[in-house]
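Taking it in order: structure first as structure tokens, then the write-up.
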Amino acid sequence: MNSNDFYALCKSRRSTRLFRDEPVPPDVLRRIIEPGLEAPTACNRQLWEVAIVTDPDVKKRMSKHGDANVQSYLYDAPALLALFYDTRMESRNPCYTPYVTMGMMAHGILLAAEAEGLGAIYLGGIQNPAGMARALDAPEHLRNLGVICVGYRDDDPPEPPRRSFEEVTHWNTLKGLKKKCHPDIRPHVWSLDQLGDFREKVLWYKGVAFDAKTLHSNPDQRFSKRMQYFCTRAGQLIGRYPVARVLDVMPHNGDTVLQTLQMMPTGIEKLFVYELTSGTLQFIKERLDRLLDCEQVEFLLNPGTECLRIPLEDGAVDAVLCYERPGQFDDPLPLLKEIRRVLRPGGSALLSVSNRWYPHLTRYKRSWRKNYALGVNWNYGPARMYAPGSIRQKIEEAGLRVTSSVGFIPAESTIIRRLIQWSAKTKGFNLSDRLANLFCQYRPVSDWRKSFCNMLVYEVVKGSHD
Amino acid sequence: MTEYAGDRPVALSKAVARLESWFSSIRDERGYYGPSVGANGWNMAYCGPSFDWKYEGLFRAYAARGQSTGKSIYLDLIGQDVDAILRAQWRNGCFSVSHFENNPCEGGMPHEPAMLSAVCRVLPLLDTHGNGQLSRVYDVIEKYVSEYLIRLLWNKTLRTFNSWPTSDFVSYNPHCVASALELLIHYAALTNAGDRFESYILEGGKSILASQITEGPLRGGIPAASLDCGEVYPYWAIRCAPALRLLAQKTQAAEFSNALALLMEFVRPYAGAVTTCPRAVYADRPPCAFPFIVGAGADMVLRLLDAELIDRDAALRQAESLIRHQLPTGAFRTAVGFGGRKRARDWRDFMPVCGWQDKIYALLSLFSSGESPDAEGVTPFETEVRVLWRRVQFRETADEIVLKKRNGATLYQWRKKTPWPSVCLL
């Protein structure tokens with residue numbers, strides 16, 4: 001192997017998430033593990049142990065201790081390499097030497113797997129390392145530090161966007177290093193191209209396969225009551241027109257498009273799908289092509305990354321759908337103005353945004369003072385949380401008139417659900433039978449209580465004389 | 001409410017005729033319209049055609065009615081419904097809007113395999129009827145089975161079927177697996193492709209056996225989710241019975257017939273009167289009685305009858321006991337006690353749902369006489385119900401369903417045969 005081969009190998013390595021149902025021969029497993037055993041190790045302690053698992057029952061036991069809800073399918077891989085280190089040899093230095101050592105070993109294995117033409121993925125999100133150790137009958141002094149799934153690749157992972165050499169490296173000093181956009185959860189520090197770039201990264205990370213099999217961590221959010229509610233409202237709105245021309249603004253990886261098309265197999269003359277970046281648009285296109293006949297769908301790309309412009313003529317569509325996207329812009333006014341521009345006079349739009357005042361504890365802590373928040377985790381990206389009054393003001397500023405506003409998922413449901421969960425754990429005191437039948441979960445409200453809902457849906461119209 | 005007069009054939013036939021009138025108020029060539037209310041939630045927003053387990057009962061009833069009345073209209077309805085089902089398939093094999101209370105979403109379990117099993121059962125009728133759909137039907141089922149059921153839902157490690165394309169490694173739903181197996185067994189029999197699905201059928205069947213509780217107070221029960229060994233929902237449990245019976249017949253293996261016998265032992269206490277069947281029974285606390293879903297009760301009777309745990313007379317008595325839940329519109333109450341007690345009059349109790357009415361229709365059709373009285377049309381019905389603590393007026397007519405607050409504000413309004421309600425705050 002010359003140096004170029006090595007560089008190409010490093011560049012071509014991808015995490016594989018779908019494996020063929022074909023066992024990996026023991027000698028191949030041996031060949032890919034051995035380079036890992038050559039990894040640098042402090043004082044040559046070689047504190048690693050590797051459990052090679054091919055027994056389905058053991059895999060099943062292991063999966064319960066990984067991030068089972070979202071990554072369990074990965075334990076279907078033909079071979080699992082559970083990595084352990086010997087805690088007796090752990091030197092308690094501030095550089096976490098055992099972790100670094102095991103990381104270097106894991107990378108050796110991953111590169112070797114790539115060189116062998118195998119697919120592999122390192123799973124670091126082990127929720128219960130002690131449980132994982134127990135599942136493998138490991139002695140007490142061994143601690144699990146992840147699992148590598150190995151097998152013959154049955155997917156073609158896209159090339160993940162990487163930060164460049166120039167962006168990452170700093171000669172001689174890190175002084176003056178500017179805060180990058182991505183670690184910041186305030187949307188106003190993000191430029192349009194950064195937002196587009198991030199959304200492609202999220203798309204890649206989320207890994208929704210075209211056939212609707214969710215390959216990574218996020219469950220299909222189309223099953224969320226929020227999106228279902230939004231989409232049925234969208235159906236109501238589109239249904240008002242005999243044959244509608246509809247624009248979907250930045251659909252969630254095509255989710256809202258799928259919903260709209262299955263609700264409205266007829267009745268849509270043209271469904272425009274607008275996106276910021278070509279990668280995202282291509283993803284949506286391929287996904288829809290694999291699932292549905294969608295001749296009436298036309299894909300629109302934002303021209304360049306300098307400004308936000310929907311490539312449609314003025315008054316080109318009857319209805320616009322925009323699910324939770326205004327929240328990704330610190331100032332949604334340009335987007336709202338574009339929506340108004342492409343709407344025909346008298347046309348309607350459905351917009352939804354997260355509500356700042358929703359008493360969700362995780363968000364609440366972050367959003368109370370700062371007016372912005374992350375979602376559940378980084379994959380959702382930054383989002384501005386709007387108070388009902390402020391987003392309404394923006395909508396009206398853009399020249400649109402709000403005809404109805406409805407809140408979704410009242411706080412009362414969350415409280416009752418928590419009460420049920422708590423009581424179910426309390427012996428002899430279970431409210432679930434009673435309360436589960438009583439309370440109305442996910443009920444939209446149109447009165448003052450919408451201020452305490454976590455999603456606000458606005459139906460707006462463009463005046464007929466505009 | 002209908003007062004049952006006691007004249008058995010007349011009362012049953014009348015009930016069937018009125019229910020048929022109600023069905024005609026929500027049906028067109030695209031399918032059956034209406035909201036969905038299930039045990040775990042509801043979807044009041046999307047009311048367009050949906051493709052779920054409603055076809056189990058509908059096809060069974062249409063076949064029975066076609067046979068007893070000799071009228072071709074029932075076969076025509078089957079043909080029309082099958083056409084609608086064929087049109088609803090996606091390129092990856094699954095069907096649009098098949099998630100019942102989670103609609104509009106595709107890929108509903110056990111709805112899709114249950115629907116296709118129903119199609120398989122009426123295929124001989126379609127064949128006789130000669131409407132030229134047969135080859136398309138086979139293509140559609142083949143696509144669902146190979147592209148979706150086996151490719152996306154089969155869990156290689158658990159060796160059973162998931163309920164979602166995202167595999168959930170640690171748990172599965174035995175009643176969903178049972179529906180999938182029913183489909184595979186029916187389809188394999190139709191296509192003489194027994195070997196092709198052999199391993200899926202056997203291993204899926206074993207996963208049902210593995211989830212069955214074999215000792216303790218819930219002995220014989222099959223939990224709705226394989227890991228929930230502390231609670232059994234009798235209705236979901238008995239949905240596993242047909243698959244176990246088919247497996248026992250197919251394999252002649254004692255383990256399946258024993259499991260079926262054990263399951264029947266579990267449901268035997270409720271066999272005498274399904275209206276007393278609790279929603280859930282627990283290992284460590286008293287059962288949860290409500291809600292009693294009337295359609296689920298009817299389906300239990302059918303399955304008990306199919307399993308020969310009760311005879312026709314007993315089934316007839318139970319069918320008669322359900323007639324008191326028929327409303328003037330012709331539809332039956334969806335449930336009793338959604339509000340947590342019998343007299344709660346929760347709005348969900350009265351909201352008619354096609355996916356439950358079909359099961360009552362199938363049961364009553366078994367016993368109705370050949371000639372049905374002239375349909376009376378849908379008589380308007382109005383009653384006071386509760387939405388949480390609020391008193392609300394519920395009204396159903398031939399054209400719409402409306403819920404209004406006492407101050408006149410509309411909470412819900414759906415014009416029948418339209419895909420969306422004009423007002424939806426439920």
Side-chain angles (χ1 to χ4, degrees), chain A residues 19 21 56 59-60 63-64 66 68-76 209-215 219-220 222-223 225 228-229 231-233 235-237 239 258-259 261-265 267 289-293 406 427-428 430 432-446, chain B residues 30 40-48 87-88 90-92 94 96-97 99 102-107 147-148 151-152 155-159 162 164-170 279-280 282 284-285 287-291 337-341 344 346 348 387-388 418-422 424-426:
Chain A
F19 299 95
D21 196 6
K59 288 184 201 171
K60 188 174 162 183
S63 76
K64 293 175 187 169
N69 290 328
V70 294
Q71 289 189 326
S72 54
Y73 68 96
L74 290 169
Y75 291 80
D76 290 353
F210 303 122
D211 53 9
K213 189 179 173 90
T214 304
L215 291 180
D220 195 336
R222 285 184 308 133
F223 296 110
K225 290 287 177 186
Q228 281 175 17
Y229 176 71
C231 289
T232 46
R233 282 292 303 274
Q236 283 176 332
L237 192 142
L258 278 175
Q259 295 297 80
L261 287 176
Q262 72 175 302
M263 288 188 301
M264 304 280 301
D289 276 349
R290 296 236 185 154
L291 293 176
L292 286 165
D293 292 322
V406 170
K427 199 169 184 182
N430 194 323
S432 61
D433 296 339
R434 186 70 186 231
L435 289 182
N437 292 327
L438 259 181
F439 85 100
C440 291
Q441 47 186 337
Y442 311 124
R443 194 156 48 89
V445 289
S446 61
Chain B
R30 289 182 58 200
N40 299 316
W42 62 87
N43 164 48
M44 300 300 294
Y46 176 76
C47 297
R87 283 195 300 271
W90 282 17
R91 283 180 179 165
N92 71 344
C94 70
S96 62
V97 279
H99 246 280
N102 286 326
N103 274 339
C105 272
E106 75 286 0
E147 297 285 310
Y148 196 75
R151 181 165 167 262
L152 289 179
N155 186 319
K156 285 184 284 186
T157 309
L158 281 182
R159 314 304 295 177
N162 291 318
W164 307 80
T166 315
S167 45
D168 184 1
F169 197 98
V170 290
R279 181 180 75 101
Y282 303 100
D284 55 354
R285 55 197 165 102
C288 170
F290 296 111
F338 254 122
R341 56 202 162 87
D346 190 275
R348 290 166 286 177
V387 175
L388 277 182
T418 58
W420 294 280
S422 46
C424 179
L425 289 172
L426 290 174

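Note on naming: letters A, B, ... go to the chains in the order of the sequence lines (proteins, then strands), and numbering restarts at 1 for each one.
Of the possible donor and acceptor atoms, none in the side chain of A:R290 sits under 3.5 Å from a partner among the backbone N and O of B:N92. In terms of modelled atom types and a separation under 3.5 Å, the side chain of A:Q236 and the main chain of B:P421 share a donor-acceptor contact.
Neither the backbone nor the side chain of B:D284 has a heavy atom closer than 4.5 Å to any heavy atom of chain A.
Every residue meeting the side chain to side chain contact (heavy atoms under 4.5 Å, CB included) condition with B:S422, not counting sequence neighbours, appears here in chain and number order: B:Q413. Applying the salt bridge (Lys or Arg N to Asp or Glu O under 4.0 Å) test to A:D21 and every residue at least two apart in sequence or in another chain returns nothing.
With rounding to the nearest 0.5 Å, the separation of OH in B:Y46 from CD in A:Q262 is 8.0 Å. With rounding to the nearest 0.5 Å, the separation of CG in A:L258 from SG in B:C105 is 9.5 Å. The CH2 atom of B:W420 lies 5.5 Å from the CE atom of A:M263; values are rounded to the nearest 0.5 Å. With values rounded to the nearest 0.5 angstrom, B:M44 atom CE is found 11.5 Å from A:T232 atom OG1.
The shortest non-hydrogen separation linking A:L292 to B:W90 is CD2-NE1, 3.3 Å.
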